[in-house]
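Scope of the values below: all heavy atoms of this structure, side chains included, with no hydrogens, waters or symmetry mates. Positions are given from 1 along the sequence.
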Amino acid sequence: MESETIISKQFYTGSNSTDVQISPSIFKINNNSTKKLVERPKSAFGFMILAGTFLLLLTGAFFVFQFQPDFDQLHLERLNSTGGIIFLAITVALFLFKGGMFLYNLFLYFKYKPIESVSDELLPTCTVIVPAYNEGKLVYETLMSLADSDFPAHKLELLAIDDGSKDDTWYWIQQAKIKLGDRVSIFQQPQNKGKRHALYRGFNLGKGEIFVTVDSDSIVKKDTLRNLVSPFVVDEKCGAVAGNVQVLNNEKAILPKMLNVSFVMSFEFMRSAESSLGSVLCTPGALAAYRRNAVFACLPEWIDQTFMGQPSDIGEDRAMTNMILKQGHHVLFQRNAYVLTNVPENYKGLYKMFIRWGRSNVRENIMMAKYVWKDFRKESKVGARLLFTEQSLRIIMTYPFFIFMFYFIATHPLLFLSSALLGILTVSSFTVLFYAKRYSFTEAFWAYSYSVFYTFGLFWIAPYSIITAHKRGWLTRG
């Protein structure tokens with residue numbers, strides 16, 4: 001199978017904005033393989049980062065070997081104190097739990113299989129909602145890719161909602177209307193009220209049996225919609241489905257290259273495992289589908305959701321997923337429903353996105369705690385409870401780990417640095433192997449660089465998100 005470079009221009013052919021067609025080559029997938037090679041452009045700077053990462057990690061591993069007597073002495077000191085023994089017991093217990101969860105997730109991943117698309121006759125009617133705010137021409141490209149879907153036209157309703165944008169987003173939505181005619185309905189919010197309110201308007205306007213939400217900076221594959229909604233036909237208990245999100249702007253900067261490898265791990269591994277339990281914890285805003293009756297069963301609660309007395313203006317996707325899980329529905333993942341979406345290309349944009357996600361995670365874990373130990377589902381609830389426990393432990397242990405990390409740095413800086421680098425080399429190797437198996441061997445090594453970057457550049461996100469979980473604001477909206 002030939003590898004190819006994903007760049008935005010390849011989605012389109014044509015000479016002007018009103019004569020644009022989706023290029024089918026961009027999503028070329030070998031039907032005889034689950035791999036979709038995505039070969040990014042090579043650059044000297046990128047090579048230097050990868051080479052520097054390897055040098056750093058191997059140096060860390062070397063110094064762990066060199067400092068082995070110091071590590072042994074440190075362990076002996078801990079074993080000779082009550083506090084050290086307690087710390088060691090907690091560490092071993094957490095390691096065993098995390099290791100057990102990893103093996104469990106690995107088993108679930110191999111058990112998972114995406115649901116094949118059903119026939120045109122069986123496909124349900126579908127309303128696709130595209131909320132947009134200050135996306136410019138990107139929203140036009142999103143709508144064009146949706147219109148090019150092989151979903152039966154008479155069963156597809158496409159709604160574009162401008163959320164009071166301050167740029168030319170509304171102009172490009174109108175251009176899409178001119179191009180697509182009655183195939184798309186467009187609406188403009190009188191003022192910017194947030195993505196949740198734009199989606200709320202779409203839910204109330206839509207007539208489809210299934211609602212699909214797509215971010216306005218995302219491009220879908222031709223068969224994405226039919227693959228995304230097919231589980232609702234096969235599984236009558238399915239209430240929501242998560243799409244498979246990958247990075248669109250990976251050729252523009254180093255961070256998107258790293259994030260694409262991270263996204264593949266997050267979606268194709270973790271959500272595959274969660275889907276085997278019928279308990280995907282978050283259907284992403286970039287691409288998600290919901291059963292109509294499941295949405296309207298929680299719509300008033302969702303639009304009026306508050307946290308610590310303040311209206312919730314973030315985490316609308318995780319909140320909707322939580323409320324649908326609470327109803328006892330299955331929430332699944334479709335690996336064969338691809339969407340490419342833009343991600344931040346600079347540090348500031350990235351940490352703001354992660355802060356928003358972190359705050360939402362804290363809020364929705366608190367909400368999940370209110371029902372996950374109850375009889376919310378007729379089938380087994382063990383899997384959902386294990387997933388909740390794992391996420392909750394990650395939140396609960398954030399500050400103890402943070403304090404220990406700084407104590408370790410202050411008392412044994414070289415031991416901390418070398419052990420941290422060896423840990424990154426060891427743990428990230430699974431991500432590298434996973435990505436290499438499914439996509440590209442050379443691109444897989446960005447997992448190492450991303451782990452180093454996250455460990456030393458974004459370690460503060462989790463504790464900051466927890467302590468500021470009450471704060472409002474989208475942060476990355478321009």
Derivation and outcome, ring pair (Phe, Tyr, Trp, His ring centres under 6.0 Å), residues Tyr200 and Trp302: CA-CA 9 Å; Tyr200 180 74; Trp302 180 77; 7.0 Å; no
Please name the pair of heavy atoms, one in [X] and one in [Y], separated by the smallest distance, quoted to 0.1 Å.
X      : Y      : answer
Asp313 : Gly473 : OD2-N, 3.1 Å
Thr224 : Leu287 : CG2-CD2, 3.5 Å
Ala286 : Val339 : O-CG2, 4.0 Å
Asn249 : Glu345 : ND2-OE2, 2.9 Å
Leu325 : Phe376 : O-CD1, 3.4 Å
Leu255 : Pro344 : CB-O, 4.2 Å

For a quick check under 3.5 Å, do [X] and [Y] share a side-chain donor-acceptor pair by atom type?
X      : Y      : result
Ser275 : Arg335 : no
Asn192 : Ser165 : no
Tyr448 : Ser429 : yes
Arg196 : Gln305 : yes
Ser216 : Thr142 : no
Tyr439 : Gln246 : yes

CA sep, side-chain torsions, deciding dist, call: Phe67, Phe71, ring pair (Phe, Tyr, Trp, His ring centres under 6.0 Å): CA-CA 6 Å; Phe67 294 148; Phe71 281 108; 7.1 Å; no
4.5 Å side-chain heavy-atom contact, Glu390 and Tyr104: no
Parallel, tilted or perpendicular: ring planes of [X] versus [Y], cut at 30 and 60 degrees:
X      : Y      : value
Tyr347 : Phe453 : perpendicular
Phe434 : Tyr109 : perpendicular
Phe263 : Trp357 : tilted
Phe203 : Tyr290 : perpendicular
Phe445 : Phe441 : perpendicular

N-O pairing of Arg318 and Glu364 below 4.0 Å: no
Electrostatic pair Asp235-Lys237, nearest N-O below 4.0 angstrom: no
Sole residue of Lys195, Arg201, Glu316 in side-chain contact (heavy atoms from CB on, under 4.5 Å) with Pro131: Lys195
Point-to-point distance, once rounded to the nearest 0.5 Å, from CE of Met101 to OG1 of Thr389: 8.0 Å
Contacts of type side-chain hydrogen bond (donor to acceptor under 3.5 Å, both in side chains), residue Thr213, not counting sequence neighbours: none
Side-chain donor/acceptor of Ser276 to backbone N/O of Leu108, under 3.5 Å: yes
